[in-house]
2 protein chains.
Amino acid sequence: MAGIKDVAARAGVSISTVSYVMSGKRSIKAATKERVMQAARELGYTPSLNARTLRGEPTKVLALSSPIHDYTDYSNYALFFFALATRAKRYGYDILLLMHEYGDQELTRVVSSGMVDGILLLDVLMVDSRAEVAKTLDVPTVAVGYPSNSDGVYSVDLDFERMGREVIEKAYALGHRKILMVGSTGFAYEDGSNYLVRCRDAAVKRGADLGVSVMFKSSTGYGMADVKLLLDEAFSEEPDLSMIICQTNSAHIQNLQVALQDRGLRVPQDISLMGACTYGTAQSTRPVDEMPMQPSQVCSRAVDLLMEVLEGHRRDVGYVELMSPEYLARGTMGLRGN
Amino acid sequence: MAGIKDVAARAGVSISTVSYVMSGKRSIKAATKERVMQAARELGYTPSLNARTLRGEPTKVLALSSPIHDYTDYSNYALFFFALATRAKRYGYDILLLMHEYGDQELTRVVSSGMVDGILLLDVLMVDSRAEVAKTLDVPTVAVGYPSNSDGVYSVDLDFERMGREVIEKAYALGHRKILMVGSTGFAYEDGSNYLVRCRDAAVKRGADLGVSVMFKSSTGYGMADVKLLLDEAFSEEPDLSMIICQTNSAHIQNLQVALQDRGLRVPQDISLMGACTYGTAQSTRPVDEMPMQPSQVCSRAVDLLMEVLEGHRRDVGYVELMSPEYLARGTMGLRGN
DNA sequence: CTGAAAGCGCTTACAG
DNA sequence: CTGAAAGCGCTTACAG
């Protein structure tokens, strides 16, 4: 590893001259400059980031806190990672990946040891302890998600409460009055996974306002057996269901469609079907109407916001920005049959 | 951010004493030690990693080079990330995520600026330029994959050539003589994605040896329309196909099963079906026989190997370790019908 | 136009 | 049992 001394020796100048040539912060005689550049090139010299950081310069690294819960849908994680990493790179930032169950100490560790300039939070809970920890840290935090204890962080997310309301309004307009909402698996709701809970609760509340009954059932699994069992239970409790909303994924919805067919129910003539909080079903054999997560848009905005803060353009911690959800029609929502 | 000076002042000792208390490299009088610990706790002191690194200590960070190609199957990336991050953490290492199209400069940059102690390569090509770059860098590289220019790196992977051979041997034993192999989408094969190519080529070669015809077709997409078109072409070229091998994913295989059913073909009575290089279809409506990638096992071993190198226990760059693939039976492989 | 030197926050050989 | 000081590789105010 060539250091600044090596370059200086080779070019026959002082180390400060090398430094100034590299940074361009001082005008250097063309000839000298050229000698230095040449030496640096020959030695493959890159200034040590650690030495720079020690002097107080930014590390140009962002911590990405990605909790892993039993209900985490790995298959979609990469979309967020990619969106975040790509956007961050545009600003010259790298991503330090923290995959953990509960990330409080992890965050404290990487910040207090000076490894990162800022923090991105993924998979936020309704009450997220990381948002508390963030208050004690001296780098800004942007949550990709909207915790209710949002006062110590910046938050960017889709407006999942609005999504919940709009799903029900759509259903109502089509004449549906008895709706089944199929939730994700595991302890997502008990833990308080923020978007699932917000969307569900807003849907249930809007249903109550409009006189639409919304029966919620979380999934025990996405396999065929789980799906059938859930449908058996739901229809025995409420035989007049005319619509199903899924907060699940492509594979589950696929299975659900087969299970409905097995029951002799046609979509959308006999029963309407849509996804909410899904990650896209367009690739599926039978895509469904959906209001998807929009990782790319949300993540880009999250990084942009963090940059605004890091560049000193804003200091309004607690700021929350909610983006509008989108409705994608695929023909699986219809008027209530009879 | 409290520094070592603050702690020293608060405890009324010199900074070297604080350092020795933190590291435990010198015996300190119990009372002094306690005062220092107390002060450190009160100030929330964590030694600066940058200062340490500057003195030549390891950064405890590993670079993870994750190329993004047009054919990259995002949905499975997270599995590798998670397996790698989890294993690395066990050794106290964090992961610096590099998501890029071609990562040569990225690797040079993070290494020469002193950000990482080692490198992990994902999604390796048959001839991977990153393996060339690795030779010029002074930290070790472990490829999760097996490039043919493996002399500058350590390689860990499933034995995909063996997988290709075993798939054909299995088919042969069941009487199949005309086989369709459905490949991944995009430029995966042109680019030379190492495992896809190795598995396919070994299968074709073994087929030639045994007198089994293996027709290979890469996918134009995983949607229903693509699948049907591919089947139309394949059957018109070879009406006697009795088996299909898929180097694709769950969603594609799902669609394929529907398409076969539409053609009036039963699995496995009329046609046998299996996946190779897949990421698991157990969750699917109709799981298939498969020889899957095994991210968790391969990634764990890759990290272990990198640690062996970093700890100085081995210095045999170019070492290649291939793990045995596994066969998972789900009842979609049968004797050739007639 | 360029250089000598202080200092960032640590660790560790040297001294007592 | 503990402290003063050198040095890791940089940047930048100070000097010429």
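Since we're looking at a predicted model, the values are computed, not measured. In what follows, every chain begins at residue 1, and chains take the letters A, B, ... in the order their sequences are listed.
- With rounding to whole Å, B/Arg35 atom CZ is found 11 Å from D/dT2 atom C1'.
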Can A/Glu308 and A/Arg301 be said to form a salt bridge (Lys or Arg N to Asp or Glu O under 4.0 Å), step by step?
-> CA-CA 10 Å; A/Glu308 289 173 17; A/Arg301 182 59 193 132; 3.2 Å; yes

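- Contact record, A/Ala134 with A/Val153: CB-CG1, 3.7 Å, taken as the closest heavy-atom pair.
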Apply salt bridge (Lys or Arg N to Asp or Glu O under 4.0 Å) to A/Lys60 and A/Asp117, showing your working.
-> CA-CA 6 Å; A/Lys60 292 286 200 170; A/Asp117 296 338; over 6 Å; no

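- Of the listed nucleotides (C/dC1, D/dG9, C/dC10), C/dC1 has the atom at the smallest distance from the side chain of A/Lys29.
- For B/Ser14, a side-chain nitrogen or oxygen approaches OP1 or OP2 of D/dG3 to under 4.0 Å.
- In this structure, A/Lys5 places its NZ atom 9 Å from P of D/dG7, rounding to the nearest Å.
- Between the C1' atom of D/dC10 and the CG atom of A/Asn50 lies a distance of 10 Å, rounded to the nearest Å.
- A/Gly3 comes within contact range of the sugar-phosphate backbone alone, with a heavy-atom separation under 4.0 Å but no base atom that close.
- Distance from the side chain of A/Ala51 is smallest to D/dG9 among C/dG9, D/dG9, D/dC1.
- Nucleotide D/dC8 holds its C1' atom 14 Å from the CG atom of B/Leu49, rounded to whole Å.
- Pair assignment for D/dA4: none, as no Watson-Crick or G-U wobble contacts are both less than 3.5 Å.
- If you check the side chains of B/Ser19 and B/Ser16, you find no donor sitting under 3.5 Å from an acceptor.
- With a cut-off of 3.5 Å on both Watson-Crick or G-U wobble distances, the partner of C/dA13 is given as none.
- Taking the centre and axis of the six-membered ring of B/Tyr20, the NZ or CZ atom of B/Arg26 falls inside the cone set by 45° and 6.0 Å.
- There is a side-chain donor-acceptor pair under 3.5 Å between A/Gln38 and A/Arg41.
- Between A/Ser27 and the phosphate of C/dC1, there is a side-chain N or O to OP1/OP2 separation shorter than 4.0 Å.
- At a threshold of 4.0 angstrom between heavy atoms, the contacts of B/Thr53 with the nucleic acid are absent.
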B/S/- along nucleotides 11-16 of chain C (protein heavy atoms under 4.0 Å) is BBBBB-

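- There is no side-chain donor-acceptor pair under 3.5 Å between B/Arg109 and A/Thr46.
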